[in-house]
*Asks:* 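Structure below; questions to follow.
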Amino acid sequence: MGYQASFRVWRGDSEDGELRDYTVEVNEGEVVLDILHRLQATQTSDLAVRWNCKAGKCGSCSAEINGRPRLLCMTRMSTFTEDEVITVTPMRTFPVIRDLVCDVSFNYTKAREIPSFTPPEGLKPGEYRMQQVDVERSQEFRKCIECFLCQDTCHVIRDHEENKESFAGPRYLMRIAELEMHPLDVADRREEAQEEHGLGYCNITKCCSEVCPEGIHITDNALIPMKERVADQKYDPIVWLGNKLFRR
Ligand code: SF4
Ligand code: F3S
Ligand code: FES
């Protein structure tokens, strides 16, 4: 049975905006994105919302529903009561372009700052061999759909514009960890992770892992192991002695 739901949607641009109230029909089996599409079709044809696959795989429809970072296409209306007011706002960590659409170029900038996969010199295509256990470790990280919900939720940059320059965010610290753990990657990424990409800012609150729609254990499987590697480098007596001897 259908019903009329109360929606509160943020409307505006980079200069100014406000929450506007709408009453809109909801039918069985629908998700929040369906309701926004119905709003576009019946009341607000100029509502800007980004989406692509409607299957939780393209990472385009990220927004905040009742203040929580979520994919619009994967949030079922049945998770709310019929009399609940559902508030939809753009991701808070990134600048708004219009309505629910943000400029997420911060993430592309951070992606470009990470040195790419560095195989041993002279290794030819076809000679890349690694154990299944190593393949599986990085496969978890490769499930990322680049929705940037983890970036949006991390308190280090949410409401802290000043930290953006020196913090890559969980998605890209995870990328560094993936490369660092890759058995064929010869680059040592520990110091750079700490000094240039802000690994030290992360105080393992795990909020990033909680919002990840792919269920990637960002904190437990990428960030904490990366922190351990950095600590090993700092406190390993052999590394310490090596630094003493060779940096003189
Ligand atoms: Fe989205 Fe998860 Fe990838 Fe972060 S790690 S961008 S939350 S899929
Ligand atoms: Fe931020 Fe995730 Fe660390 S939310 S503080 S990157 S555990
Ligand atoms: Fe592709 Fe939601 S529309 S993830």
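Read the numbers this way: they start at 1 and go in the same order the structure lists the ligands and their atoms. Quick note: numbers below take in every heavy atom, side chains included, and nothing from hydrogens, waters or symmetry partners.
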*Asks:* I'd like to know if R158 pairs up with D152 as an ion pair, taking the criterion as any Lys NZ or Arg NE/NH1/NH2 lying under 4.0 Å from an Asp or Glu carboxylate oxygen.
*Replies:* yes
*Asks:* Would you mind checking if E192 and R189 are paired as a salt bridge, meaning a charged N to carboxylate O distance below 4.0 Å?
*Replies:* no
*Asks:* Below 2.8 Å of atom 2 (Fe) of ligand 3, tally up the protein N/O/S atoms for me.
*Replies:* 2
*Asks:* Look at E180 together with R229 and state whether they make a salt bridge at an N to O cut-off of under 4.0 Å.
*Replies:* yes
*Asks:* What part of Q151 sits under 4.0 Å from ligand 1 if we count only heavy atoms: the side chain, the backbone, both or neither?
*Replies:* neither
*Asks:* Using a 4.0 Å cut-off to any heavy atom of F148, which atoms of ligand 1 qualify?
*Replies:* 1 (Fe), 6 (S)
*Asks:* Locate the shortest heavy-atom distance separating E64 from M91; write the atom from each residue and the value.
*Replies:* OE2-CA, 3.7 Å
*Asks:* Checking E25 side chain against G2 main chain: does a donor-acceptor pair fall under 3.5 Å?
*Replies:* no
*Asks:* Report the part of I218 in contact with ligand 1, treating N, CA, C, O as backbone and CB onward as side chain, heavy atoms under 4.0 Å; options are side chain, backbone, both, neither.
*Replies:* side chain
*Asks:* At less than 4.0 angstrom from any atom of ligand 2, which residues have a non-hydrogen atom? List them by chain and residue number.
*Replies:* C154, H155, P170, C202, N203, I204, T205, K206, C207, C208, T219, L223
*Asks:* Give a yes or no answer on whether the side chain of D13 reaches the backbone of R98 with a donor-acceptor pair at less than 3.5 Å.
*Replies:* no
*Asks:* What closest approach, in Å, do W10 and G17 show between heavy atoms, and which atom pair accounts for it?
*Replies:* CZ2-CA, 3.5 Å
*Asks:* Consider ligand 1: state whether an atom of it lies below 4.0 angstrom from any non-hydrogen atom of V211.
*Replies:* no
*Asks:* Salt-bridged, E214 to K57, with N to O below 4.0 Å?
*Replies:* yes
*Asks:* Would you mind reporting whether F148 and T93 have side-chain heavy atoms less than 4.5 Å apart?
*Replies:* no
*Asks:* Given T219, which of P170, C208, C150, C207 fulfils the side-chain contact (heavy atoms from CB on, under 4.5 Å) condition?
*Replies:* C208
*Asks:* Does any N, O or S atom of C144, backbone or side chain, fall under 2.8 Å from atom 4 (Fe) of ligand 1?
*Replies:* no
*Asks:* Within ligand 1, which atoms have a heavy atom of P213 less than 4.0 Å away?
*Replies:* 7 (S)
*Asks:* Any chance you could lay out the salt bridge (Lys or Arg N to Asp or Glu O under 4.0 Å) test for R11 and D46, step after step, and finish with the verdict?
*Replies:* CA-CA 10 Å; R11 306 295 312 272; D46 61 340; 3.1 Å; yes
*Asks:* Could you tell me, atom by atom, which parts of ligand 1 come under 4.0 Å of a heavy atom of R171?
*Replies:* 6 (S)
